[in-house]
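Values reported hereafter were calculated over all heavy atoms of this structure, with side chains retained and with hydrogens, waters and symmetry mates removed. The sequence lines fix the lettering, A, B, ..., with proteins before strands; numbering per chain opens at 1.
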Amino acid sequence: MSDADEPTRYRRMQDLPSTHLLGSGTSLCAGCGGLGAFRELYEVLGERTVVVNAAGCMSLLATHPFTPFRGSWLYSAMASAPAGAQGVRDALDILIAKRRIPADEDLDVVVLTGDGAASGMGLSATSAAIDRGLDFIYLCYDNEGYGNTGQQSSASTPHGARTATDRGPRGYPGVKKDLFALWVANRPAYAATIIAAEPVDLARKVEKAKRMKGPRLLLALAPCPPGWGFDPKDSIEIGRLAVRTGVWPLLEYADGRVVRTKHYEPRLPVERYLERQRRFAHLFEPRRDEQTLAAIQTAVDEACARVT
Amino acid sequence: MSRVLLSGNAAIAWGARLAGVDYVPAFPITPQTEIIETLAGWIGSNELDARTVMFESEHSMLTAAGAAASTGVRVFTATSSQGLLYAMEMLYSVAGWRAPFVLVNVSRAVAAPVTLHSDHGDVLAARDSGFLQLHAATCQEALDLVLLGYRTAEHPDVRLPALVNLDGFLLSFTREPVELPDPELARRFVGAFEPGASAFRASRPVSQAVAVLGGGPYSYFRYEMHRASEHAGTVFADAAIELEAATGRANDAVECYRSDDAEVVFFLIGSLSTTAKDAVDRLRESGTRAGLVRPRLLRPFPTAALRSALHGRRAVAVVDQDLSIGSGGVLHAELAGALHGQAGAPLLASFIGGLGGRRVGVDELCSISGEALEAASAGRPPAPRLLYTEAELREVRKLQAIAHEERHR
């Protein structure tokens, strides 16, 4: 039995670690779904990590002279966090191989990036890190826009969502880039979609990824109260609706296959998710945009049909 | 110590090898490729115990270089021209991380129009990044400055990356006799890399390059870098003295050639100084007291040494191999700033030469030294002048006319 097949230690909520590795009181927004996912991930990964951060919402996690991290952290730049991770990984490998540091000084290398960098400016650095088989975990908090600068559209913005740069009656005209599929097409060691609202599923995936080597994607949908337009207290609820409507299927890629790790059947209609967010309000008022709503539902149905 | 015939690129590779580098992040660009290929060859044959990794861009390459140096390995990398510009964001970042390593730039003019040949438009664009900046005039110096670059960059009171520059084609592919320092001597001179307490270790968590809120803390960090860079001047000088004692080769921050009693002095950087020395000799033969003052170190700018070297000279012909569009020569502005308000400061005459590999010859240098002296006699500094001949203009016009005719035949 390989490490990857070891039984999980996370079966129920009570099993989840709660060590508060990431300090409270950061300057991030209340109800940040990205921070929620990262906090849960960090609990499982542990403090023997170095997080290489791409410019984005998380840039302000550490502000001099304060840090919320029990482990290590390096602020890089928007386009090249995976290359920063490569430099740290290679350096640790060299130092251990040349016996300048003992092996127990090693760290897990984690990239922390938003969807804007992940699917745009940082995509070539990410792609190249996968090509090189870099041994790292890549956490993308997907708040479906450039959240840090006021929710302008990114390549990850969903069809029809109103953003700071798509003010028209039909919202964002494009289609959300499928970052998960891009990774899978390049056959990484592991890839999974996660969400803070499903912490047991998240913990199990992080646990699995932690036991592996090579490029590993953890793609978290990150409900964003100011960017999407909902009350911060509803962040977990919005996340649950994303899963239960099929907007955010919980997927896992390993050994050449994509599987669904958590089913909610029957799926709720996608409107239940959309109607809770101001960015989709124009689909309902002043009158229902039946065409766009149907298109969104059809796209979700088709995506869900593609995975078991 | 052995004497071998080496290209500038090979000399640089020897410098990295003798410094005992651990890690070589790489991305190809002409004319620096030979450096990385030479190192990769040695790594492949186990003559150098290091690792090289190909990146998808210079931007990523520089990020990895800074991150690896911050983790505690000795890093070497190289680029040119557009590659340096593409990496520019990360030059500022990794200098701010205080990650010490050596980046070699093999100078090549920047687009557009695109060209393969040399000038200093690329490297001078990096002068405010926080990198120390050293300029080689010969293949030997290219090697020596790599060793001095590591010694200075890694000093605990400096901890800034160093950029060593050599001129594309003119030095990168020119072979000259180079003395290779004994490996043991070089190793002792450079010393072991001590990454300090800020390196990433499981037992010692650190947060690096965190954000600041407001101008107060930002100013603090930027000024700390400035002071570290200034201090690098002293560290470099001490290291140069030590290297001279061991090898007999001087590498002062400012090279002065026959300038002590000179009435006119050439002020320029890089391989053109070899030609300028010939011009100095020729002018001396014909009775003009000429000299050369050439900074090896451009960051930190050796202001005190330059003031002293130029004190009492009548005229300086500054030859910039770069052009700050809409302003003029960068070195001219830097020197004017350094000499501003100094009693007995010479008159500065600005010449823009050597753009995109255009040759500046001995005759031309002799001629502009005369112009500089005339301007000093008249007491009026001339406007910056592009070194460009009627014949060169006619040649371009002729080719344009031929192309026009071909197109419309």
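- Heavy atoms only, all atoms of each residue included: A/A83 and B/F55 are closest at CB-CE2, 4.0 Å.
- Counting all heavy atoms, side chain and backbone alike, B/T63 lies closest to A/S80 at OG1-OG, 2.7 Å.
- Contact record, A/A79 with B/H59: CB-CE1, 3.8 Å, taken as the closest heavy-atom pair.
- Ring pair A/H64/B/Y220 is parallel by interplanar angle, where below 30° counts as parallel and above 60° as perpendicular.
- Contacts between B/E56 and chain A at a heavy-atom distance below 4.5 Å involve backbone atoms as well as side-chain atoms.
- Taking every heavy atom of both residues into account, A/A62 and B/V210 meet most closely at CB-CG1, 3.5 Å.
- A pairwise comparison of heavy atoms in B/G72 and A/R100 identifies O-NH1, 4.1 Å as the closest pair.
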Show me the donor-acceptor pairs, under 3.5 Å and distance only, between side chains in residues 198-207 of chain B and residues at least two apart or in other chains.
from, atom 1, to, atom 2, distance (Å)
B/R201, NH1, B/T71, O, 2.9
B/R201, NH2, B/T71, O, 3.1
B/S203, OG, A/E105, OE1, 3.0
B/S203, OG, A/E105, OE2, 2.6
B/R204, NE, B/A197, O, 3.3
B/R204, NH2, B/A199, O, 3.4
B/S207, OG, A/T67, OG1, 2.8

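- Residue A/K98 places its NZ atom among more than 12 non-hydrogen atoms of other residues, nucleotides or ligands, all under 6.0 Å distant.
- With a 4.5 angstrom heavy-atom cutoff, A/I101 touches chain B only via side-chain atoms.
- Residue A/L107 touches chain B through its side chain alone, counting heavy-atom pairs closer than 4.5 Å.
- Note on B/S60, B/P25, B/A50: by heavy-atom pairs under 4.5 Å with chain A, the leading option is B/S60.
- Neither the backbone nor the side chain of A/D108 comes within contact range of chain B; no heavy atoms are under 4.5 Å apart.
- Contact of A/S59 with chain B is made through the backbone alone, with heavy-atom distances under 4.5 Å.
- Note: A/W73 CH2 to B/Q208 CD = 10.5 Å, rounded to the nearest 0.5 Å.
- In this structure, the portion of A/R132 lying under 4.5 Å from any heavy atom of chain B is its side chain and not its backbone.
- Across B/D49, B/L213, B/V75, B/V94, the residue that shares the most heavy-atom pairs under 4.5 angstrom with chain A is B/D49.
- Note that CD1 of A/I94 and CG of B/D22 are 6.0 Å apart. Values are rounded to the nearest 0.5 Å.
- Taking 4.5 Å as the limit, some side-chain heavy atom of A/D93 sits within range of a side-chain heavy atom of B/R51.
- For B/M90, the part sitting under 4.5 Å from any heavy atom of chain A is the side chain, from C-beta outward, and nothing else.
- Contacts between A/V50 and chain B at a heavy-atom distance below 4.5 Å involve the side chain alone, from C-beta outward.
- Within 6.0 Å of atom OH in B/Y92, more than 12 heavy atoms from other residues, nucleotides or ligands are found, so the atom counts as buried in its surroundings.
- B/W97 places no side-chain N or O within 3.5 Å of a backbone atom of A/S76 that could act as its donor or acceptor partner.
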